Protein chains: 2
Amino acid sequence: MTRDPDAGAAGIDPERLWLSDPQPRRGRRPAYSREAITAAAVALADAEGLEAVTMRRVAARVGAGVMSLYSYAPDKETLLELMVDHVSGELTATGPPTTPTGDWRADLKAVAHLQRSHMLRHPWLPAALATRRSPGPNTLAFLEHVLAILRPTGLDGASKLEVFAQLTAFVSGHVGHELAQAAAAASADRAAAEARYLAAVAADGQHPELAAALASPGRPLAPEATFGRFLGRLVDGLDAAP
Amino acid sequence: MTRDPDAGAAGIDPERLWLSDPQPRRGRRPAYSREAITAAAVALADAEGLEAVTMRRVAARVGAGVMSLYSYAPDKETLLELMVDHVSGELTATGPPTTPTGDWRADLKAVAHLQRSHMLRHPWLPAALATRRSPGPNTLAFLEHVLAILRPTGLDGASKLEVFAQLTAFVSGHVGHELAQAAAAASADRAAAEARYLAAVAADGQHPELAAALASPGRPLAPEATFGRFLGRLVDGLDAAP
DNA sequence: CTCATTCGCGTACGTCGTACGAGAATAGAG
DNA sequence: CTCTATTCTCGTACGACGTACGCGAATGAG
């Protein structure tokens, strides 16, 4: 029995993952829990980034042996999935603006801003979302809320789901870029090296537009403002005909 | 001399990377080239996905020893950077619509469609772009073209750069999602499992909006159409006041 | 008690990125 | 030519990773 030669096609059965049945009333009692392990992994990712999340380090954090984790999640990819859904609980827990105001554009923008702050709080989320396979219960609860917001649009089901996916992808992309910018600016010499590089390119005569752009920077605007601007353009007119 | 305790803050000096000086006229002649190695890595990624790109497999493909690669790129992350810029050459090589038509919205949309087909041709690009650090020469040539398109907008330099970043992030996010959908649909039982899972959730009574959305799917629309729709909404009105 | 069942996890394997340094190739100096 | 400084190649090795395997401990059912 060899491995599937077509790489990357693996994945987890969402039914087995999320629709659990805690039936075993025999044998040794579990010493840990999926919750605790997931929370430890999230704490690790929050503190040291996604690449710090290794099975060994997560196990150490919960005080378990490494292989014990595999009783709660079949593999690491699944653990990542659990992490994503775990933090997604914050989206509906703190305050699911349970009442769509009727102005769905405003509601949708508010939701996007909520997602943005959520991702800024968990900077590993954009990267983790890129490989996400299926939505867990918390994600579904959040989706439910967004669908309720979209009700007045009269869009069909598939289009509403598409809007949700696009909105998440947009926020994820924006925050990812925002974080990269922030990281580059955090180290002064790094930012200086980048600036020197671009200046050198602009000075080579081959890039007049770049030179012009660098020469008229405009006043620096807060990331939040940029986000709001693009978001507004994306949301307004979302109900236009295909 | 220990490692920087603040993880993830590493990175490559763009000046050393892109502004090379081929000066050594002494010692052994290089047996390979950065170009050849990068091309081999790209071919590997195109054929088997990004996770197949390991130093060992790239080296095997060019017929070199593993450690020889490190004479051409200081580490794997840099090799990824080189790969991204390598394929970005296609964006301006095949046809840099060198003449902005004057209708910058149409031009921008055309550019986005070009990017989309580019990413579909190299499905690993969305993932690789997420960790990209600094633009190489081919990316800069493409940026130059987009800046030329944006000239009529009268936006300031920083805003134009922002538009470029946002547009790329948007396309990347969309294609990433598109590819995930396609992968899920590729295997019939996988798609069926996903559908069964969502149906089960919709039937639990806790998710009325989801149930409604699944009940009125609408006619399935081509990914290209969805892309065009969202793109249109993003591009139109891009010159609105901050 | 006995025993089937379930969980904890030590050990081990294969793969990864890459540090190190010995040996091969080359160009100038004498 | 030889000698030497320089530059490249790459075998070996190390630590860290994900995880398969299987033994021993804990537990509930009979």
Side-chain angles (χ1 to χ4, degrees), chain A residues 1-5 7-8 10-12 20-37 40-41 44-45 48-83 128 131, chain B residues 1-5 7-8 10-12 20-37 40-41 44-45 48-83 128 131:
Chain A
M1 205 67 74
T2 64
R3 274 291 172 95
D4 187 342
I12 296 306
S20 63
D21 41 348
Q23 66 182 30
R25 272 284 133 250
R26 207 141 69 158
R28 190 173 179 168
R29 224 85 91 356
Y32 316 104
S33 72
R34 179 173 282 190
E35 260 284 308
I37 289 169
L44 204 50
E48 302 186 43
L50 200 56
E51 73 284 351
V53 179
T54 70
M55 299 306 268
R56 282 166 232 263
R57 296 208 50 191
V58 171
R61 220 177 160 104
V62 296
V66 191
M67 293 311 293
S68 300
L69 301 188
Y70 289 88
S71 303
Y72 301 89
D75 52 31
K76 192 192 177 182
E77 195 182 334
T78 302
L79 180 56
L80 279 182
E81 206 102 336
L82 292 170
M83 290 169 64
T131 57
Chain B
M1 205 65 74
T2 64
R3 275 290 174 96
D4 187 341
I12 297 305
S20 63
D21 40 349
Q23 64 182 32
R25 272 284 130 249
R26 206 140 71 156
R28 189 173 181 167
R29 225 85 92 353
Y32 318 104
S33 72
R34 179 173 281 189
E35 260 284 308
I37 290 170
L44 205 50
E48 302 186 43
L50 200 57
E51 74 283 352
V53 178
T54 69
M55 300 305 268
R56 282 166 233 263
R57 295 207 52 191
V58 172
R61 222 179 159 100
V62 297
V66 190
M67 294 310 293
S68 299
L69 301 188
Y70 289 88
S71 302
Y72 300 89
D75 52 30
K76 191 193 177 182
E77 195 182 335
T78 303
L79 180 57
L80 278 182
E81 207 102 338
L82 292 170
M83 291 170 62
T131 56

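Quick note on labels: first sequence line is chain A, next is B, and so on, each numbered from 1. Just so you know, these numbers come straight off a predicted model, no measurement behind them.
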Engineer: Rounding to a whole Å, what distance do you find between M55(B):CE and dT12(D):P?
Structural biologist: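 Distance, rounded to whole Å: 19 Å.
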
Engineer: Nucleotide by nucleotide, 5' to 3', does protein get under 4.0 Å of the base (B), only the sugar-phosphate (S), or neither (-) in nucleotides 25-30 of chain D, counting heavy atoms?
Structural biologist: BBBSS-

Engineer: How long is the straight-line distance from OH of Y70(B) back to OG1 of T78(B), given to the nearest 0.5 Å?
Structural biologist: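 Separation between the atoms: 10.0 Å.
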
Engineer: Looking at side-chain heavy atoms only, is the closest gap between E77(B) and T131(B) below 4.5 Å?
Structural biologist: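 Answer no - side chains too far apart.
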
Engineer: Rounded off to whole Å, could you give me the CG-to-P distance for the L79(A) and dT19(D) pair?
Structural biologist: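 It is 10 Å, rounded to the nearest whole Å.
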
Engineer: Taking CD from E51(B) and P from dC17(D), how many angstroms apart are they, rounded to a whole number?
Structural biologist: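 Rounded to the whole Å, the gap is 20 Å.
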
Engineer: Looking at side-chain heavy atoms only, is the closest gap between M55(A) and L79(A) below 4.5 Å?
Structural biologist: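 Sidechains of L79(A) and M55(A): in contact.
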
Engineer: Got Y32(A) and S71(A) here, is their nearest side-chain heavy-atom distance under 4.5 Å?
Structural biologist: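 They are not in contact (no side-chain heavy atoms under 4.5 Å apart), so the answer is no.
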
Engineer: Please determine, for the side chain of P30(A), which listed nucleotide (dG18(D), dT18(C), dC7(C)) has the closest atom?
Structural biologist: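 Out of dG18(D), dT18(C), dC7(C), the nucleotide with an atom closest to P30(A)'s side chain is dC7(C).
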
Engineer: Identify, residue by residue, the members of residues 61-71 of chain A with a heavy atom below 4.0 Å from DNA chain D, and return them in order of residue number, or none.
Structural biologist: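 Within residues 61-71 of chain A, the residues near DNA chain D are V66(A), M67(A), Y70(A).
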
Engineer: Please state how far atom CG in L50(A) lies from atom C1' in dC17(D), giving the value in whole angstrom units.
Structural biologist: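 It is 14 Å, rounded to the nearest whole Å.
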
Engineer: Tell me the interatomic distance from R56(B), atom CZ, to dC10(D), atom C1', rounded to whole angstroms.
Structural biologist: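 Atom CZ in R56(B) sits about 12 Å away from atom C1' in dC10(D).
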
Engineer: A side-chain contact here means heavy atoms from C-beta on lying under 4.5 Å apart; do L80(A) and M83(A) qualify?
Structural biologist: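 Heavy-atom side-chain distance check passes, below 4.5 Å.
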
Engineer: With respect to the phosphate group of dC8(D), does any side-chain polar atom (N or O) of Y72(B) fall under 4.0 Å of OP1 or OP2?
Structural biologist: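 Result: no.
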
Engineer: Toward the 5' end of DNA chain D, which comes first, R57(A) or P74(A), by nearest nucleotide?
Structural biologist: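 Nearest-nucleotide comparison on DNA chain D picks R57(A).
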
Engineer: Nearest 0.5 angstrom please: L69(B) CG to K76(B) NZ, how far?
Structural biologist: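 L69(B) CG to K76(B) NZ: 11.5 Å, rounded to 0.5 Å.
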
Engineer: Taking only residues two or more places apart in sequence, or in another chain, which ones meet S68(A) in a side chain to side chain donor-acceptor pair (under 3.5 Å)?
Structural biologist: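 Side chain to side chain donor-acceptor pair (under 3.5 Å) check on S68(A) returns nothing, list empty.
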
Engineer: Can you tell if the side chain of R57(A) reaches within under 4.5 Å of the side chain of E48(A), non-hydrogen atoms only?
Structural biologist: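 The answer is yes; the side chains approach within 4.5 Å.
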
Engineer: Check the phosphate of dC10(D) against Y32(B), side-chain N and O only, distance under 4.0 Å to OP1 or OP2. Yes or no?
Structural biologist: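 Yes, within the criterion.
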
Engineer: Do R61(B) and I37(B) come close enough that some side-chain heavy atom pair is under 4.5 Å?
Structural biologist: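 They are not in contact (no side-chain heavy atoms under 4.5 Å apart), so the answer is no.
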
